[in-house]
Amino acid sequence: MSGDHHRTPRRPASCGALTVDIQQVLDVCLQRSVEAEFRYDPASPLVVTVRLAPEGCPGVVWHLGRDLLHHGMRALSGLGDVQVWPSCLDAPATAWLRLGGTEEAALFELPVHPLLEWLEVTYQVVPAGTELEPVDWGALTAWWSEAPEVPSD
C-alpha cells in the first residue's frame, strides 16, 4: 500500500476577505450603513464568517453556512437564527439577511453581485461536495468508539 494513498489533500490557507457596506434596517424608513467583512477559511469549509461593525459600536461575528448564504442569493434559505432571501426573484440586486431569534433579530440588506462573485471564488478553492473529503472518517470512528463513556445521571 502506497504512503500517498492516505495523504490528506492540501488546501490553500484562505481565499481573501470581502468587505462591503451593507444596510441594517432599523425601521420602515430608517437604515444605517454597517461595514461587513466576509471571510472564508478552507480549514472550516462549510462556514463563512461575517464580522458586522456598525460605526461607533463593537463588532459582532456570525458564522453562516456557505451553502445557506449562496442559496439565499436566489431563494429563501435557512431556518431559525439565520435566514437569507433575495429582495426580488426576477433579478435580485440585493438580498435580505436576518440574524437572531424570535424575540430579537436584525435585518440587513446585502449586495448580491459582489457576494456571488466572492462566493464563486470560495467554491473554486473548495468545490461544493468536497468540503468533507479531508476528514479521516476511519480515524474519527476509531477515536469515537474508544472514547470513554460519560456516566449519565
Side-chain angles (χ1 to χ4, degrees), residues 6-141 143-144 147 150:
H6 294 288
R7 187 172 293 178
T8 301
R10 297 186 63 92
R11 292 187 169 158
S14 82
C15 60
L18 170 69
T19 302
V20 292
D21 284 331
I22 64 175
Q23 296 299 310
Q24 181 180 8
V25 178
L26 300 171
D27 202 348
V28 175
C29 297
L30 183 60
Q31 296 184 352
R32 75 170 162 179
S33 185
V34 174
E35 182 180 271
E37 181 183 69
F38 293 84
R39 290 195 167 272
Y40 181 73
D41 180 358
S44 297
L46 298 171
V47 177
V48 167
T49 301
V50 60
R51 183 178 185 278
L52 304 170
E55 190 174 322
C57 299
V60 63
V61 174
W62 279 78
H63 301 284
L64 314 175
R66 179 175 69 156
D67 287 346
L68 180 149
L69 185 59
H70 185 254
H71 294 300
M73 297 292 113
R74 295 190 175 91
L76 176 60
S77 183
L79 297 170
D81 289 352
V82 179
Q83 295 178 320
V84 183
W85 67 96
S87 59
C88 166
L89 292 179
D90 293 337
T94 61
W96 299 107
L97 169 64
R98 182 186 176 280
L99 301 172
T102 55
E103 298 294 320
E104 288 188 36
L107 182 63
F108 300 92
E109 188 175 19
L110 308 174
V112 168
H113 185 71
L115 264 171
L116 280 177
E117 284 184 348
W118 179 79
L119 283 166
E120 195 56 42
V121 172
T122 74
Y123 283 108
Q124 290 170 7
V125 172
V126 180
T130 68
E131 293 92 347
L132 298 179
E133 282 181 0
V135 175
D136 183 347
W137 293 106
L140 183 62
T141 303
W143 175 83
W144 191 260
V150 177

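In this text the structure is predicted, and so the values were computed from the model without any measurement.
- In terms of the salt bridge (charged side-chain N to carboxylate O under 4.0 Å, His left out) criterion, Arg98 has no residue partners (sequence neighbours excluded).
- Gly72 approaches Ala95 most closely through the heavy-atom pair O-CB, 4.2 Å.
- Atom CG of Leu97 is separated from atom CD of Gln83 by 9.5 Å, given to the nearest 0.5 angstrom.
- Partners of Ser77 under the side chain to side chain donor-acceptor pair (under 3.5 Å) rule, at least two apart in sequence or in another chain, do not exist in this structure.
- For Thr19, the side chain to side chain donor-acceptor pair (under 3.5 Å) criterion is met by no residue, not counting sequence neighbours.
- In this structure, CG on Asp41 lies 11.5 Å from CG on Leu46, to the nearest 0.5 angstrom.
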Scan the side chains in residues 26-37 for donor-acceptor partners under 3.5 Å anywhere in the protein, sequence neighbours excluded, and list what turns up.
unit_1: Arg32; atom_1: NE; unit_2: Gln24; atom_2: OE1; d: 2.9
unit_1: Arg32; atom_1: NH2; unit_2: Gln24; atom_2: OE1; d: 3.0
unit_1: Glu37; atom_1: OE1; unit_2: Arg39; atom_2: NE; d: 3.2

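- Residue pairs that meet the salt bridge (charged side-chain N to carboxylate O under 4.0 Å, His left out) test with at least one member in residues 103-114, sequence neighbours left out, do not exist here.
- With sequence neighbours excluded, the residues satisfying side chain to side chain donor-acceptor pair (under 3.5 Å) with His63 are Thr49.
- The structure places CZ of Phe108 at 5.5 Å from CG of Leu99, a figure rounded to the nearest 0.5 Å.
- Separating the CG atom in Leu110 from the CE atom in Met73 is a distance of 5.0 Å, to the nearest 0.5 Å.
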Counting only pairs under 3.5 Å, give me each side-chain donor-acceptor contact of residues 118-127, with atom names and distances, residues two or more places apart or in other chains.
unit_1: Trp118; atom_1: NE1; unit_2: Gly16; atom_2: O; d: 3.4
unit_1: Thr122; atom_1: OG1; unit_2: Arg66; atom_2: NH1; d: 3.3
unit_1: Thr122; atom_1: OG1; unit_2: Leu119; atom_2: O; d: 2.6
unit_1: Tyr123; atom_1: OH; unit_2: Asp67; atom_2: OD1; d: 2.4

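- Between Tyr40 and Pro45, the shortest heavy-atom contact is OH-O, 2.8 Å.
- With sequence neighbours excluded, the residues satisfying side chain to side chain contact (heavy atoms under 4.5 Å, CB included) with His113 are Glu117.
- Residues meeting the side chain to side chain donor-acceptor pair (under 3.5 Å) test with Asp81, sequence neighbours left out: none.
- Closest approach of Val112 and Thr94 over heavy atoms only: CG2-C, 3.4 Å.
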